[in-house]
Structure formats: structure tokens, C-alpha cells
Amino acid sequence: MRKILVTGGCGFMGSDFIRYMVETSQVMIVNLDKLTYAGNPENLKSVEQNPNYHFIRGDIADQTAVNETLASLAGQAGIEAVVNFAAESHVDRSIMGAEAFVHTNVLGTQVLLEAARKLGVSRFIQISTDEVYGTLGPEGKISEESPLRPNSPYAATKAAADLICRSYFKTYGFPVIITRSTNNFGPYQFPEKLIPLFVTNALEGKTLPLYGDGLNMREWLFVRDHSRAIERVLEKGTSGEIYNIATGTELTNLEITKAILRVLERDESLIEFVKDRPGHDRRYALDWAKLRRLGWGPQAKFEETLRQTVAWYKESETWWRRVKSGEYLKYYQAQYGKRGFNP
Ligand code: NAD
Ligand code: TDX
């Protein structure tokens with residue numbers, strides 16, 4: 001059976017990819033995750049008992065843990081691919097302190113690349129982001145050839161990881177592919193990011209803190225479409241290439257906030273304009289023609305999936321209350337031991 005090592009699979013996007021792959025393909029998934037504050041094994045409850053899913057707790061920057069994990073998986077058929085979702089992913093946290101971001105996003109990526117290269121892994125997908133390109137003016141789209149101009153410590157560490165990936169392809173011919181996607185949304189997203197924070201705040205009757213004038217623009221991608229894109233890149237992507245993943249669904253933060261309130265039938269008076277994020281990128285918008293040529297396109301309709309996502313948070317109150325209160329950390333601490341960064 002095909003074997004894929006997924007890192008950071010207990011987070012938002014990695015867990016969607018694992019649920020999708022385990023449910024739809026004949027593939028064995030091994031999930032290596034450190035279980036930081038953002039890693040929640042509850043996100044994978046639906047596949048926990050599946051014989052094709054295995055969880056290993058470990059840090060991608062820990063050379064011994066990574067080598068042991070890869071060696072134990074190598075077996076007869078070897079590992080088909082590594083998909084690296086593991087990262088410190090929240091811009092605001094990177095502004096408060098960048099150390100964990102450098103550790104995981106930069107060092108972790110290099111440690112993983114090196115171990116995978118030594119083992120002769122035949123495909124390595126680096127999950128990157130539109131933020132590496134930096135901010136864009138009101139017009140135009142960014143292609144994969146555009147220069148890297150990261151503005152937050154988070155984006156800078158993701159850009160650094162992309163460059164290390166590039167060097168492993170150019171220097172060693174190691175088969176790396178980089179994907180850069182726009183803002184994902186959907187179930188199981190940690191309620192520090194705009195959509196889950198605002199939905200859950202509104203459900204709690206709290207205000208929605210909109211940064212600056214609320215007119216920064218983001219392009220929104222339903223997480224399941226992202227998982228399908230990664231599957232497509234795994235199957236059809238070319239080593240050494242970069243693929244943007246996007247939809248064309250561009251909204252200002254104010255527009256998306258109003259859309260959330262409309263779906264929830266809550267009043268716009270809940271919106272509270274607050275001090276802007278330092279270095280706040282005004283707009284990201286990606287040209288994804290290259291990925292379209294591999295046969296991928298978004299299937300989700302934005303309004304419909306936003307509605308579904310809001311409905312999921314309404315139905316999953318236990319999940320998000322445990323996450324917001326930190327209760328889930330205590331439970332898994334007992335099961336998996338002390339946690340890493342940002343407990
Ligand atoms: P997340 O914060 O929800 O999850 C990150 C996961 O990585 C967690 O399970 C965490 O425990 C794990 N992790 C962190 N440090 C680790 C380490 N040192 N070793 C092993 N595991 C570790 O993140 P997400 O939103 O699911 O993002 C996943 C990836 O996609 C990230 O690489 C991020 O940069 C990228 N990305 C995210 C978005 C988005 O909108 N969320 C958009 C584009 C790209
Ligand atoms: O409370 C808030 N108020 C607010 O106005 C929060 C949390 C965010 N915002 C704004 C900032 C952004 O313009 O909303 C927009 C979206 O913010 P986030 O959800 O923090 O996402 P963003 O900064 O765009 O980064 C996301 O997309 C790219 C992911 O967190 C990254 O991991 C990914 O690389």
C-alpha cells in the first residue's frame with residue numbers, strides 16, 4: 001500500500017487532508033505532529049480507528065525523531081511522499097514572538113528535507129502560503145515567478161523554508177514541490193483565525209475585532225478544495241515547480257464579517273474596529289493557471305461553504321468551547337505528556 005508521511009496533521013488543514021485521503025484513497029497515512037497549542041487529535045476522531053491511519057507525536061525540527069519516524073516507515077515499499085503541513089501558522093503570534101516560527105518553519109523544514117533526501121523519498125510537498133509574496137496593490141494577480149517580499153515574521157519564515165526547498169531541488173535534485181495557497185476556511189479551524197474567531201465570538205455575544213479600516217482583502221479557499229489540490233499535485237505535479245492554489249473569491253475583511261453576521265442573523269453592531277495589525281498586508285490575490293493545467297479547480301461555492309462552515313461551528317460548540325477555554329490541552333496533556341510551544 002502507498003505510504004504518505006503527513007506532518008502537522010492534527011491542525012486545521014492537515015487534518016482535513018488526512019480525513020479526505022483516508023476516506024477516499026487506498027493509502028496509509030502516518031501523521032507526525034508535535035501537538036502544539038494548534039494541534040488537536042480530536043480533529044481526527046473520525047479516522048482514529050482506521051488501520052490506514054497512524055499517529056506519531058514528534059517535532060519536525062528534532063533530527064532524531066524525524067530520522068526514527070522515517071526509518072520505521074521505510075519498510076519494504078518505502079514512503080511515497082512527505083507532505084509538510086507542520087508550521088506555526090498565525091501571523092499575530094509571530095508578531096508577539098518569532099522564535100517558534102524560526103524553529104518549526106525554517107529549521108523543521110530543513111531537518112525534514114534532509115531526512116527525506118537521505119532516505120530517497122520520491123516526492124516532498126511543502127505547504128506554503130500566498131503571504132510569501134507580500135502585499136499587492138488593488139489590481140492584478142501574483143504568479144509563481146513573482147519575487148518573495150514577506151512582511152510578517154510568519155511570512156518571512158515560510159519564505160525562508162521555500163528557499164531551502166528550492167535549494168534542495170537545485171543542489172541535490174531532491175523532488176520537492178511547493179504549493180502556495182490563499183486563506184483557507186472550513187471546519188476545525190483554530191478560533192484565532194478570522195472566520196472561526198468571528199463566528200464563535202458572535203455565538204458568544206462578544207464583539208468582532210476588525211483590524212484597521214477592515215478593507216484589507218483576502219482570497220478565500222474552502223479547505224476541502226485545498227486537500228483536493230494537494231492530492232492533484234501529488235499525482236501530477238512536476239518536481240522543482242511551485243503551484244499557487246486560489247479561487248478568485250476576493251473579499252474585504254469587512255465584507256466577510258458582514259457575511260458571517262448575515263448567516264448567523266446577528267447585528268452589525270457587534271463589529272468593533274480595533275488597532276491595526278503591524279505590517280498588515282493589504283491584499284493577496286493569486287494567479288493559479290498553472291494548477292488549472294494539472295486539472296484542478298475549486299468545486300466549492302463560497303456562500304454555500306461559508307454557510308456550511310458557520311453551521312459546523314454552531315453544531316460543534318463542545319469542540320470550540322474546549323479549544324477556546326484551553327480545556328482540550330489538559331485532556332491531551334494527560335494522554336500525550338507535556339506540550340511544546342505556546343501551551
Ligand atoms: P495549524 O496551526 O492549524 O496547524 C499546525 C499543525 O502543525 C498543528 O497540528 C501543530 O501541532 C503542528 N506543528 C507545529 N509545530 C510543529 C513541529 N515543530 N513539529 C510537528 N508538528 C508541528 O495550521 P494550518 O492553518 O492547518 O496550516 C497548515 C499549513 O498550511 C501551514 O504550513 C501554513 O503555513 C499553511 N497555510 C495555511 C493557510 C491558512 O489559511 N490556514 C493558508 C496557506 C498556507
Ligand atoms: O481578529 C482579527 N481581526 C482581523 O481583522 C483577526 C484574527 C484577523 N483580522 C484580519 C487580518 C487579516 O487581514 O483578517 C484577515 C485574516 O486574518 P487571519 O485569519 O489571521 O489570516 P491571515 O493573516 O490572512 O493569514 C492566513 O492566511 C495565510 C493564515 O493564518 C496563514 O497561516 C496563511 O499563510
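Remember, it's 1-based here, ligands and their atoms both numbered in the order they're listed. Along the sequence shown, residues are numbered consecutively beginning with 1.
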If you measure every N/O of H103 against every N/O of ligand 1, is any gap under 3.5 Å?
no
Tell me whether D281 has any N or O atom under 3.5 angstrom from an N or O of ligand 2.
no
Out of T257, L194, N183, whose heavy atom is nearest to atom 21 (O) of ligand 2?
N183
Report the distance from atom CG of L197 to atom CG of L208, rounding to the nearest 0.5 Å.
8.0 Å
Is the closest heavy-atom distance from S15 to ligand 1 below 4.0 Å?
no
Nearest option to atom 33 (C) of ligand 1, as decided by whichever heavy atom of F85, Y154, F190 sits closest
Y154
Measure from atom 41 (N) of ligand 1 to every heavy atom in M13, R93, K34, H226 and give the option owning the shortest one.
M13
Taking atom types as modelled and ignoring hydrogens, do the side chains of Y284 and E131 form a donor-acceptor contact shorter than 3.5 angstrom?
yes
Which of the numbered atoms in ligand 2 are under 4.0 angstrom from any heavy atom belonging to L197?
1 (O)
For M217, is the nearest heavy atom under 4.0 Å from an atom of ligand 2?
no
Within 45° of the axis and under 6.0 Å from the centre of the six-membered ring of F174, does NZ or CZ of R117 qualify?
no
Using a strict threshold of under 4.0 Å (side-chain N to carboxylate O), is an ion pair present between R321 and E317?
yes
Considering distance alone, does some N or O of D59 sit under 3.5 Å from an N or O of ligand 1?
yes
Heavy-atom nearest option to atom 14 (C) of ligand 1, drawn from A65, P41, A38, A87:
A87
Please indicate whether any nitrogen or oxygen in T36 is less than 3.5 Å from any nitrogen or oxygen in ligand 1.
yes
Please check if the side chain of N43 supplies one atom and the backbone of S15 the other of a donor-acceptor pair under 3.5 Å.
no
